[in-house]
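The structure under discussion appears below in the form of structure tokens.
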Number of protein chains: 2
Amino acid sequence: MANFTIGKLAKQTGLGVETLRYYERRGLIEPQSRTGSGYRLYDDDAGRRLRFIRRAQSLGFSLDQVAELLSLSDRPEKSAAEVKQLAREKIADIESRIHDLERMKSALSVLEDQCPGHAGTTAECPILAALNRQNQEPVAGENG
Amino acid sequence: MANFTIGKLAKQTGLGVETLRYYERRGLIEPQSRTGSGYRLYDDDAGRRLRFIRRAQSLGFSLDQVAELLSLSDRPEKSAAEVKQLAREKIADIESRIHDLERMKSALSVLEDQCPGHAGTTAECPILAALNRQNQEPVAGENG
DNA sequence: ATAAACCCTGTAGTCAACTACAGAGTCAAT
DNA sequence: ATTGACTCTGTAGTTGACTACAGGGTTTAT
């Protein structure tokens, strides 16, 4: 129930005041209340919510997608089936991201292990190789 | 050794011709050669490379970071120690992304399991809760 | 040999996600 | 009661990653 002004919240999260207002316009976060003069007041959840937003972004989710993720837990008890469905879709999305990252990681591990001595044949680019035996569909769309 | 023009490569990958030229300006890809009249000619590796680029992007890597990833395998046999070091850094980065995604996934799984019947207390937002017990540092920088 | 469909360089416009004012009101401290 | 740090709304500018011309040359098909 501790109430922060926007400046305090900004300092706490390392974000800019303008960024917080921008997130509000985008529907990602809202002040718990306002003072009589219109100052935004935030509670402790705001900081957590912002941390979530940044983390999700760094994982390649757009702000619209982050909003969708957040809306899942914001929805009170309405439309349980809809929430369940959306959650399932997001889980599938996340699983495929994890899968891709794991392929990328093992490619890099090969590189790491291989590098130190073996100066010789150029080893046929393990990083490209590792990510390609699978999924031969076109690759235009950014996020699945 | 099959040689494609830029238009063929674009069609093959589902990207636009302008995008391929843009990636070239950004140092992500280069034609294997040029015709006498200046037309770009690409080999089979180009398609794989582009698929890699798009996948890495969708995982939250910027084009600059993708360029770094690619440079790891492009480096012939020079500076093995440097490559090894860079690979290690990227692996750590990827591991933390995987970790974050796994936290996010388990939060969503909780939601999914919890939703169907339990209309009652609002369950205290599992998605935010799951992502926050750890890492309490500021969150400003996008990628770690 | 001429039109359609390519390709070239170069520059400008767009979209998401900020980031930075401008102009004005508010609050805390002197 | 006034200075300075804060806040407000609203709009404009910036950056990364495209995307779309303009103005011109090249290849392919007829």
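Each chain gets a letter, A, B and so on, in the order its sequence line appears, and its residues count up from 1.
- Contact annotation: B/Arg40 side-chain N/O to C/dC8 OP1/OP2 distance is under 4.0 Å.
- Separation of atoms OG1 (A/Thr13) and CZ (A/Arg49) is listed at 14.0 Å; rounding is to 0.5 Å.
- For the pair B/Gln65 (side chain) and B/Ser62 (backbone), a donor-acceptor distance under 3.5 Å is present.
- A/Glu30 is linked by a salt bridge (Lys or Arg N to Asp or Glu O under 4.0 Å) to nothing, counting only residues two or more places apart in sequence or in another chain.
- Applying the salt bridge (Lys or Arg N to Asp or Glu O under 4.0 Å) rule to B/Arg25 yields no partners; only residues at least two apart in sequence or on another chain are considered.
- Side-chain contact check for A/Leu108 versus B/Leu69: some heavy-atom pair is nearer than 4.5 Å.
- Atom-to-atom, CG of A/Leu63 to C1' of C/dT19 comes out at 14 Å; the value is rounded to the nearest Å.
- Positionally, the nearest nucleotide of DNA chain D for A/Gly38 lies more toward the 5' end than for the other of A/Gly38 and B/Ile53.
- The A/Val17 side chain lies nearest to D/dT7 when the options are D/dT7, D/dC18, C/dC18.
- Between B/Leu9 atom CG and C/dC7 atom C1' there is a gap of 14 Å when expressed in whole angstrom units.
- As a whole-Å value, the separation of B/Tyr23 OH from D/dG16 P is 15 Å.
- A straight line from CG of A/Leu41 to P of D/dT7 spans 10 Å, rounded to a whole angstrom.
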Per-nucleotide protein contact along nucleotides 19-30 of chain D, 5' to 3', at a 4.0 Å heavy-atom cut-off (B base, S sugar-phosphate only, - neither), is BBB---BBS---
Could you walk me through whether B/Arg88 and B/Gln85 pass the side chain to side chain contact (heavy atoms under 4.5 Å, CB included) test, one step at a time?
CA-CA 5 Å; B/Arg88 248 200 280 267; B/Gln85 177 55 24; 4.0 Å; yes
Please list, pair by pair, any protein nitrogen or oxygen found under 3.5 Å from a nitrogen or oxygen in nucleotides 13-15 of chain D.
none

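- When the P atom of C/dA16 is taken as reference, atom CD of A/Gln65 falls 13 Å away, rounded to whole Å.
- Rounded to whole Å, atom P of D/dA17 lies 16 Å from atom CG of B/Leu20.
- Across the protein-nucleic acid pair, A/Glu24 atom CD and C/dA17 atom P stand 17 Å apart, rounded to whole Å.
- For C/dT26, neither phosphate oxygen OP1 nor OP2 lies less than 4.0 angstrom from any side-chain nitrogen or oxygen of A/Arg34.
- Residues meeting the side chain to side chain contact (heavy atoms under 4.5 Å, CB included) test with A/Ser33, sequence neighbours left out: A/Leu41.
- Although no hydrogens or angles enter the test, the distance criterion places no donor-acceptor pair under 3.5 Å between the side chain of A/Thr19 and the main chain of A/Leu15.
- The salt bridge (Lys or Arg N to Asp or Glu O under 4.0 Å) check on B/Glu24 picks up B/Arg34, B/Arg40, with sequence neighbours excluded.
- Residue A/Ser62 places no side-chain N or O under 4.0 Å from the OP1 or OP2 atom of C/dA16.
- Contact annotation: A/Gln57 side-chain N/O to C/dC18 OP1/OP2 distance is under 4.0 Å.
- Residue-to-nucleotide proximity on DNA chain C shows that, of B/Ile6 and A/Arg26, the 5′-proximal contact is made by B/Ile6.
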